[in-house]
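Here's the structure, in structure tokens; my notes come after.
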Amino acid sequence: GAVVSQHPSWVICKSGTSVKIECRSLDFQATTMFWYRQFPKQSLMLMATSNEGSKATYEQGVEKDKFLINHASLTLSTLTVTSAHPEDSSFYICSARNRGADTQYFGPGTRLTVL
Amino acid sequence: GEDVEQSLFLSVREGDSSVINCTYTDSSSTYLYWYKQEPGAGLQLLTYIFSNMDMKQDQRLTVLLNKKDKHLSLRIADTQTGDSAIYFCAERKGSYIPTFGRGTSLIVHP
């Protein structure tokens, strides 16, 4: 089946630093990748959608200068949380979908803790 | 109200059947999904159903769709402790991005 990986699985950083999270589709070409944020006991909040080779489309209320998304290849998308603050602490999950596919496949998530 | 609604908790005894319910508002939804999330992990696609189907069965899982009432259910037969997780219902219209419910925490006790 389709496998999506994320790296790192968890990260702790100091306030003010930047953190990069990678999302890779291992056995298929992901023309579209999605980045979600999940708060405890809550559903997934879509942050942005990225199509390979083009700029990401951000959801309302998500700061594009704070959450930088790059989808440079058909197998890799990155989310960079710039100048992280404690309120950015969360579980970030990516998912990937191939063009015309019915479903999207999720990565295992990255737990970010900002001290 | 929310576009996709689920009850937040369900508790069942091991060996019994679990039924997780979901309602959605968009009558033009074309795909409906069930995902499972175990603690500290991402979402695992369990099954999905096209809107022109009424039922789909896959081993212990049975999905029922009542399109008239916009109601989707997931039945897990012979529920095991390993089934304890959060189950998300999601709906998608065409090429649009799926909308997820808030998830139902399934607790299986001996």
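Every chain is numbered from 1 and lettered A, B, ... according to where its sequence line falls, protein lines coming before strand lines.
- The contact between B/Leu43 and chain A is made by backbone and side chain atoms together, counting heavy-atom distances below 4.5 Å.
- Within the 4.5 angstrom heavy-atom criterion, no atom of B/Gln6 approaches chain A.
- Under the side-chain contact (heavy atoms from CB on, under 4.5 Å) criterion, B/Ser29 pairs with B/Tyr24, B/Asp26, B/Glu91, sequence neighbours left out.
- Residues B/Gln37 and A/Gln38 form a side-chain contact, since some pair of their non-hydrogen atoms from C-beta on lies under 4.5 Å apart.
- No close placement of the B/Tyr33 and A/Phe106 rings is indicated, their centers lying 6.0 Å or farther apart.
- Contact tally against chain A (heavy-atom pairs below 4.5 Å) for B/Gly40, B/Gly42, B/Ser105: the top residue is B/Gly42.
- Residues of residues 76-94 of chain A placed with any heavy atom under 4.5 Å of a heavy atom in chain B are listed by number as A/Phe91, A/Ile93.
- A/Met45 and B/Phe88 end up in different hydrophobic clusters when Ile, Leu, Val, Met, Phe, Trp and Tyr side chains are linked at under 4.5 Å.
- Distance check, rounded to the nearest 0.5 Å: OG1 of B/Thr99 to CG of A/Leu44 gives 11.0 Å.
- Criterion: ILVMFWY side-chain heavy atoms under 4.5 Å apart, direct or through other members. Under it, B/Ile49 and B/Leu74 are part of a common hydrophobic cluster.
- A/Ile69 and A/Ile21 fall within a single hydrophobic cluster, where Ile, Leu, Val, Met, Phe, Trp and Tyr side chains are chained together by heavy-atom contacts under 4.5 Å.
- Side chains of B/Tyr35 and A/Gln104 form a contact here, defined as non-hydrogen atoms less than 4.5 Å apart.
- For NE2 of B/His71, the number of neighbouring non-hydrogen atoms (other residues, nucleotides, ligands) closer than 6.0 Å is greater than 12.
- Neither A/Val62 nor A/Met33 shares a network with the other; the hydrophobic side chains, linked directly or stepwise wherever heavy atoms of I, L, V, M, F, W or Y lie under 4.5 Å apart, form separate groups for each.
- Cluster annotation: B/Met53 is connected to B/Val63 through the hydrophobic network of ILVMFWY side chains, with a link wherever side-chain heavy atoms come within less than 4.5 Å.
- In this structure, the separation between OG on A/Ser95 and CG on B/Leu45 is 11.0 Å, given to the nearest 0.5 Å.
- No part of A/Thr110 comes within reach of chain B, as not one of its non-hydrogen atoms sits under 4.5 angstrom from that chain.
- Counting non-hydrogen atoms of other residues, nucleotides and ligands closer than 6.0 Å to NZ of A/Lys55 gives a total of 12 or fewer.
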